[in-house]
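Take a look at the structure set out below.
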Amino acid sequence: MRPTYTPPSFLVLAALLLGAGACTQPKGDLGDDESDGNADTTTATTSSGETTMTGETTTPTGGEMCPLDEAADQCCCFAHSAECAEPTQVLCEATVACDDIQAVFGGDVPVLNPEALECALTALRDRTPGQIRVMYSQAMSDTVSSWLFLYVQADGTVFENEGTGPDEYALALVHRSLPPADVFEQCLLEPDLAARLVCVEMASDGEQLEQCLPSCSTGAP
């Protein structure tokens, strides 16, 4: 799925995470949803104050109607993209906490925009609600090969999902606990970009609270 970086300093960060009692569990984009239901249009506000359209959204099938005009803080606010080729969609009112992290596998520089990495670690530490995404590509290629989707909650939890673009496959969307805030505080002191990227990926390793969506692939939404 996503590439794995193991810089030496990661051992220290991993020890901190384990010492805090976090447990590892198995392991989305604002776009168009093609499921049946009543369509609506929502917006996403970026960290710079810009507002972007998230496309048409729909009432999830089953259960009560999802509050699409409220903050994205429950399972029904998220959906797999059409054919599972793109990151997770946010159906409710969405906030983009940070710009997408552009990660490169096999290159000399593991992250092309360190400022987005800094923003993500700060948001994870402060439990700032909103979307964080890591978009992975191979060196010498602009094509996204895989992605990690995080939607941080103020209560110290996160909705997370990951998948691959070329394979049009996404793992289950899971609501889980975030590692303690001091883990990300230590990560912000780490100068190595690869180690910082691993820190962001730690957000998808917390205790699973509930599974929101099953895994999906082309032809099996």
Side-chain angles (χ1 to χ4, degrees), residues 1-2 4-6 9-30 47 60 63 66-67 70-80 87-98 100-101 103 116-136 146-163 170-190 195-216:
M1 193 69 65
R2 54 182 162 87
T4 301
Y5 300 91
T6 53
S9 55
F10 170 63
L11 298 177
V12 176
L13 297 171
L16 178 61
L17 179 62
L18 292 174
C23 44
T24 300
Q25 298 287 342
K27 322 270 178 274
D29 185 352
L30 307 174
S47 55
C66 200
E70 297 181 9
D73 61 1
Q74 53 187 300
C75 282
C76 67
C77 288
F78 303 93
H80 289 307
T88 308
Q89 298 176 353
V90 183
L91 305 180
C92 298
E93 184 177 329
T95 298
V96 178
C98 300
D100 291 349
I101 299 168
L117 199 53
E118 177 93 9
C119 175
L121 289 173
T122 302
L124 289 166
R125 179 197 64 188
D126 298 343
R127 277 42 176 157
T128 303
Q131 174 184 281
I132 295 171
R133 302 191 308 187
V134 184
M135 311 300 279
Y136 301 92
S146 58
W147 48 264
L148 172 65
F149 170 90
L150 304 170
Y151 204 93
V152 180
Q153 302 294 306
D155 63 0
T157 63
V158 65
F159 292 90
E160 67 88 15
N161 194 207
E162 63 180 278
L171 295 180
L173 174 69
V174 174
H175 184 204
R176 61 176 77 248
S177 297
L178 281 171
D182 60 354
V183 170
F184 299 109
E185 178 66 34
Q186 290 298 316
C187 290
L188 283 165
L189 301 177
E190 171 59 59
R196 283 187 158 211
L197 181 58
V198 170
C199 286
V200 172
E201 294 168 347
M202 283 181 179
S204 62
D205 291 334
E207 178 184 2
Q208 179 173 320
L209 303 175
E210 58 184 329
Q211 178 176 309
C212 299
L213 294 170
S215 60
C216 74

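Note that these values count all heavy atoms, side chains included, but never hydrogens, waters or copies made by symmetry.
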Next on the checklist: Could you go through Arg127 and Leu178, starting from their C-alpha distance and side-chain angles, then the distance that decides it, and tell me whether this counts as side chain to side chain contact (heavy atoms under 4.5 Å, CB included)?
Outcome noted: CA-CA 9 Å; Arg127 277 42 176 157; Leu178 281 171; 3.9 Å; yes
Next on the checklist: Pair Phe159, Cys77 - check side chain to side chain contact (heavy atoms under 4.5 Å, CB included), show working.
Outcome noted: CA-CA 10 Å; Phe159 292 90; Cys77 288; over 6 Å; no
Checklist entry - Is there a side chain to side chain contact (heavy atoms under 4.5 Å, CB included) between Leu188 and Thr122 once you walk through the steps? => result CA-CA 7 Å; Leu188 283 165; Thr122 302; 3.8 Å; yes
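Between the side chains of Thr157 and Asp155, at least one donor N or O sits under 3.5 Å from an acceptor N or O.
Sulfur-sulfur distance for Cys66 and Cys92: not below 2.5 Å, with no disulfide indicated.
Side chains of Leu150 and Gln131 form no contact here, defined as non-hydrogen atoms less than 4.5 Å apart. Two residues are said to be in side-chain contact when any heavy atoms from C-beta on lie closer than 4.5 Å; Glu162 and Pro87 fail this criterion. By the 4.5 Å heavy-atom criterion applied to side chains, Pro129 and Val152 are not counted as neighbours. Contact check for Val183 versus Met202: side-chain heavy atoms found under the 4.5 Å cut-off.
The CG atom of Asp100 sits 4.0 Å away from the CZ atom of Arg133 when rounded to the nearest 0.5 Å. From Cys212, atom SG reaches atom NE2 of His175 across 7.0 Å, with rounding to the nearest 0.5 Å. Interatomic distance, CZ of Arg176 versus CG of Leu209, reported as 8.5 Å (0.5 Å rounding). Distance check: Cys76 SG to Leu213 CG gives 10.0 Å after rounding to the nearest 0.5 Å. The CD atom of Glu160 sits 12.5 Å away from atom CD1 of Ile132, with the distance rounded to the nearest 0.5 Å. From Asn161, atom CG reaches atom OH of Tyr151 across 15.0 Å, with rounding to the nearest 0.5 Å.
Salt-bridge formation is detected for the pair Arg125/Glu185: a Lys NZ or Arg NE/NH1/NH2 atom is positioned less than 4.0 Å from an Asp or Glu carboxylate oxygen.
Looking at residues two or more places apart in sequence or on another chain, you find no salt bridge (Lys or Arg N to Asp or Glu O under 4.0 Å) involving Glu210.
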